[in-house]
Amino acid sequence: MLPRARRTVRPSSLYTLRLADDEDEEPPPPWAAPIGIANSIKGLLEAMRGERFERKVTVLGSTGSIGTQTLDIVRERPGNFSVVGLAATGRNLDLLVEQTREFRPQVVALRDASRVDAFRDALQRANVPEPAHIGGGDAAVVECARHTDAQVVVTGLVGCAGLLPTVAAIEAGKDIALANKETLIAGGPVIVPLVHKHHVWMTPADSEHSAIFQCLQGAPDDALRRITLTASGGAFRDWDVSRLSQVTAADALQHPNWNMGPKITCDSATLMNKGLEVIEAHYLFGADYDDIEVVVHPQSIVHSAVELQDTSVLAQLGWPDMRLPLLYAMSWPHRLRMESMRSLNWVEVGSLTFRAPDRRKYPCLDLAYAAGRRGGTMPAVLNAANEVAVEMFLKESLPFLGIPRVIELVMSRHDTSGWTTEPSLDDIVSADKWARTMASEVAASQHIQA
Ligand SMILES: NC(=O)C1=CN([C@@H]2O[C@H](COP(=O)(O)OP(=O)(O)OC[C@H]3O[C@@H](n4cnc5c(N)ncnc54)[C@H](OP(=O)(O)O)[C@@H]3O)[C@@H](O)[C@H]2O)C=CC1
Ligand SMILES: CC(=O)[C@@H](O)[C@H](O)COP(=O)(O)O
Ligand SMILES: [Mn+2]
């Protein structure tokens with residue numbers, strides 16, 4: 001058996017990125033190996049060159065929960081951040097116009113091309129100068145993601161729709177502040193090597209992965225022994241499992257601690273969000289699935305923890321406020337002060353409690369572990385089936401308990417002949433497409449609806 005250190009942190013971990021050797025490249029110099037040294041060198045070089053820390057940012061999903069909080073950061077730290085591009089669907093035109101007025105992006109993309117004319121009209125009515133580029137459709141979102149001037153792309157759009165824009169941004173040499181976890185779940189086998197190839201940084205904005213990332217600063221890259229992801233337990237954490245057959249979308253959207261978009265809020269209620277985060281942690285930190293555990297922590301103050309080889313446990317704490325992980329993802333390795341962010345008050349927090357997740361109540365968690373362990377295109381299939389099932393549940397055309405049933409059936413029908421653990425982007429995109437069709441069919445069946 002391999003020593004534990006070798007099993008837990010593989011060289012494919014994203015944080016050996018610039019340190020990892022491409023096959024035809026020199027192996028990394030010994031000084032480059034520990035993450036802490038690499039971080040301080042990056043920050044030190046900037047300081048030695050007398051550079052002011054400034055980053056040009058593109059925000060994909062600018063009108064959503066992640067997008068608006070990212071722009072709150074830009075608003076509060078204009079000396080450090082400026083906006084190059086904004087992308088949204090075009091559903092919320094007023095907000096997009098207001099963001100264009102305030103942040104003066106060079107490029108705005110509307111996924112719904114039919115909204116472009118209305119956007120131009122609204123800009124004119126509001127006396128807002130037109131950005132240099134306005135585009136519509138999926139291709140425009142991809143163009144926005146790779147627009148020349150941006151250094152960092154914050155991925156705040158929802159679902160696997162983030163995959164191709166993220167690939168384009170990486171290929172264009174942008175650093176990625178990753179909120180859109182579905183992209184890494186589905187595309188991990190392609191995204192991880194691509195990040196290495198293009199020597200970009202992918203910093204996690206998801207609160208748990210940001211916590212892990214923060215705890216690993218300064219640790220040698222073979223130091224990680226185990227990851228503990230904390231879960232709030234979602235809307236139904238205090239509900240008896242017997243009541244879940246009756247719950248509505250409105251019930252599922254009552255998150256106890258976080259104010260987020262509808263899709264992720266529903267994922268929190270099924271614990272699929274945590275399942276997706278297990279797979280996300282696997283790709284980001286190179287940890288084996290056996291070394292990633294989930295605990296329910298109803299207060300959402302401890303955002304996750306790592307155990308190091310010597311059993312020392314490091315955790316990151318803070319109020320449930322996404323601006324902190326977003327700020328760190330955008331400014332790493334710097335630490336910027338935000339006056340609007342409140343210091344943690346230990347006495348106000350009072351007690352921190354932890355318990356094991358009820359696996360009967362949350363079958364999505366085990367489905368995600370199974371998909372992650374299978375690897376290849378199975379996580380893409382899990383994710384796509386979940387996206388379809390959640391959308392149907394939110395439209396009240398699928399019962400809550402139908403969500404895991406749909407996912408399990410679609411996974412069981414995924415053709416694994418000619419199986420590869422290293423699928424291409426095309427393989428992933430077709431698996432995603434197949435799973436969506438299959439999920440819609442399966443979800444309509446009497447057996448699932450019962
Ligand atoms: N919210 C949070 O606190 C957290 C979110 N995440 C992840 O971040 C991502 C975003 O979540 P959240 O902000 O809650 O979602 P929201 O639903 O609040 O916002 C989604 C945003 O993406 C836009 N959008 C959706 N699809 C597309 C597309 N195909 N092309 C361009 N823009 C698109 C929406 O535009 P429009 O407004 O026009 O519809 C909106 O601006 C998800 O992957 C989620 O899992 C991770 C951790 C925490
Ligand atoms: C804020 C964030 O990162 C979310 O992913 C959050 O973790 C959701 O809460 P749950 O712990 O309920 O999934
Ligand atoms: Mn999270």
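Indexing begins at 1, ligand by ligand and atom by atom, following the structure's order.
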Before you tell me yes or no, could you show the steps for N386 and D267 under side chain to side chain donor-acceptor pair (under 3.5 Å), namely the whole-Å CA-CA distance, both residues' side-chain angles and the distance that decides it to 0.1 Å? CA-CA 9 Å; N386 181 55; D267 284 347; 3.0 Å; yes
Where do F393 and V406 land on the side chain to side chain contact (heavy atoms under 4.5 Å, CB included) test, with the steps shown first? CA-CA 11 Å; F393 167 68; V406 167; over 6 Å; no
Can you list the steps and then say if I403 with L398 is a side chain to side chain contact (heavy atoms under 4.5 Å, CB included)? CA-CA 7 Å; I403 297 173; L398 182 71; 4.2 Å; yes
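Remark: ligand 1 atoms within the under-4.0 Å shell around heavy atoms of A161 are 29 (N). Heavy-atom contacts of G90 reach the following atoms of ligand 1: 38 (O) (cutoff under 4.0 Å). The contact set between ligand 1 and K181, taken as ligand atoms under 4.0 Å from a residue heavy atom, comprises 43 (O), 45 (O), 46 (C). For ligand 2 and A231, the ligand atoms under 4.0 Å from any heavy atom of the residue are 11 (O). Near E277, the atoms of ligand 2 lying under 4.0 angstrom from a non-hydrogen atom of the residue are 5 (O), 7 (O). Those atoms of ligand 2 that come under 4.0 Å of a heavy atom in S268, given as number and element, are 8 (C), 9 (O), 10 (P), 12 (O), 13 (O). Near S232, the atoms of ligand 2 lying under 4.0 angstrom from a non-hydrogen atom of the residue are 10 (P), 11 (O), 12 (O). Set against the non-hydrogen atoms of E182, the atoms of ligand 1 under 4.0 Å away are 42 (C), 43 (O), 45 (O). For ligand 1, the atoms sitting less than 4.0 Å from at least one non-hydrogen atom of D206 are 46 (C), 47 (C), numbered in the order shown with element in parentheses.
With hydrogens and angles ignored, the 3.5 Å screen pairs a side-chain donor or acceptor of S397 with a backbone N or O of M392. The backbone N or O of H147 lies less than 3.5 Å from a partner atom in the side chain of K174, making a donor-acceptor pair.
Atom 7 (O) of ligand 2 has E208 OE2, 2.3 Å as its closest protein atom, hydrogens excluded (heavy atom only). The nearest heavy-atom contact from the protein to atom 2 (C) of ligand 2 is S207 OG, 3.3 Å. Protein heavy atom nearest atom 41 (O) of ligand 1, with residue, atom name and distance: T63 OG1, 2.7 Å. The nearest heavy-atom contact from the protein to atom 13 (O) of ligand 1 is I66 N, 2.9 Å. Scanning the protein heavy atoms around atom 4 (C) of ligand 2, the nearest turns out to be M260 SD, 3.6 Å. Of the protein's non-hydrogen atoms, T89 CG2, 3.6 Å is the one closest to atom 24 (N) of ligand 1. For atom 9 (C) of ligand 1, the closest non-hydrogen atom of the protein is L157 O, 3.4 Å. Distance from atom 18 (O) of ligand 1 to its nearest protein heavy atom, with residue and atom name: S65 N, 2.9 Å. What sits closest to atom 44 (C) of ligand 1 on the protein, heavy atoms only, is I264 CD1, 3.9 Å. Scanning all protein heavy atoms for the shortest distance to atom 23 (C) of ligand 1 gives G61 CA, 3.7 Å. Scanning the protein for heavy atoms near atom 9 (O) of ligand 2, the closest one is H255 NE2, 3.3 Å. The protein heavy atom nearest to atom 14 (O) of ligand 1 is G261 N, 2.9 Å. At the shortest separation from atom 13 (O) of ligand 2 among protein heavy atoms lies N273 ND2, 2.8 Å.
Residue contacts with ligand 1: S62 is included, with a non-hydrogen atom under 4.0 Å away. Contact between K181 and ligand 2 is present, with at least one heavy atom of the residue lying under 4.0 Å from the ligand.
A donor atom on one side chain and an acceptor atom on the other are not found under 3.5 Å apart for H209 and S304. Looking only at atom types and distance, the side chain of T437 has no donor-acceptor partner in the side chain of E441 under 3.5 Å away. A side-chain donor-acceptor contact under 3.5 Å links D240 and S242.
Residue N259 qualifies as open at atom CG: its count of foreign heavy atoms under 6.0 Å is 12 or below.
Below 30°, between 30° and 60°, or above 60°: for F354 and H297 the angle between ring planes is below 30°, a parallel geometry. Ring planes of F213 and Y328: tilted class, angle from 30 to 60°.
Each of V83, V128, L95, I134 was compared with T100 under the side-chain contact (heavy atoms from CB on, under 4.5 Å) criterion, and only V128 meets it.
We find that K56 and E54 are not joined by a salt bridge, their nearest charged nitrogen and carboxylate oxygen being 4.0 Å or further apart.
Nearest heavy atoms, L60 versus C144: CD2-SG, 4.3 Å. Here the shortest heavy-atom pairing between R237 and S232 reads CD-O, 3.2 Å. V59 and G67 get closest at one heavy-atom pair: CG1-CA, 3.8 Å.
Among G156, G64, A179, S207, the residue whose heavy atom sits closest to atom 7 (C) of ligand 1 is A179. Of the listed residues (D138, T183, V158), the one carrying the non-hydrogen atom nearest atom 20 (C) of ligand 1 is V158. The residue among R111, Q99, M260 with a heavy atom at the shortest distance from atom 28 (C) of ligand 1 is R111.
Only the side chain of I264 comes within contact range of ligand 2, with a heavy atom under 4.0 Å; no backbone atom does. By the criterion of a heavy-atom distance under 4.0 Å, neither the backbone nor the side chain of H297 is placed next to ligand 2. If you look at N180 next to ligand 1, the close heavy atoms, those under 4.0 Å, come from the backbone and the side chain alike.
Taking distance alone, with nitrogen or oxygen atoms compared against 3.5 Å, G67 stays at or beyond that limit from ligand 1.
Expressed to the nearest 10°, the angle at the Mn ion (ligand 3) joining OE2 in E277 with OE1 in E208 is 100°.
Take the N/O/S atoms of D206: the one nearest the Mn ion (ligand 3) is OD1.
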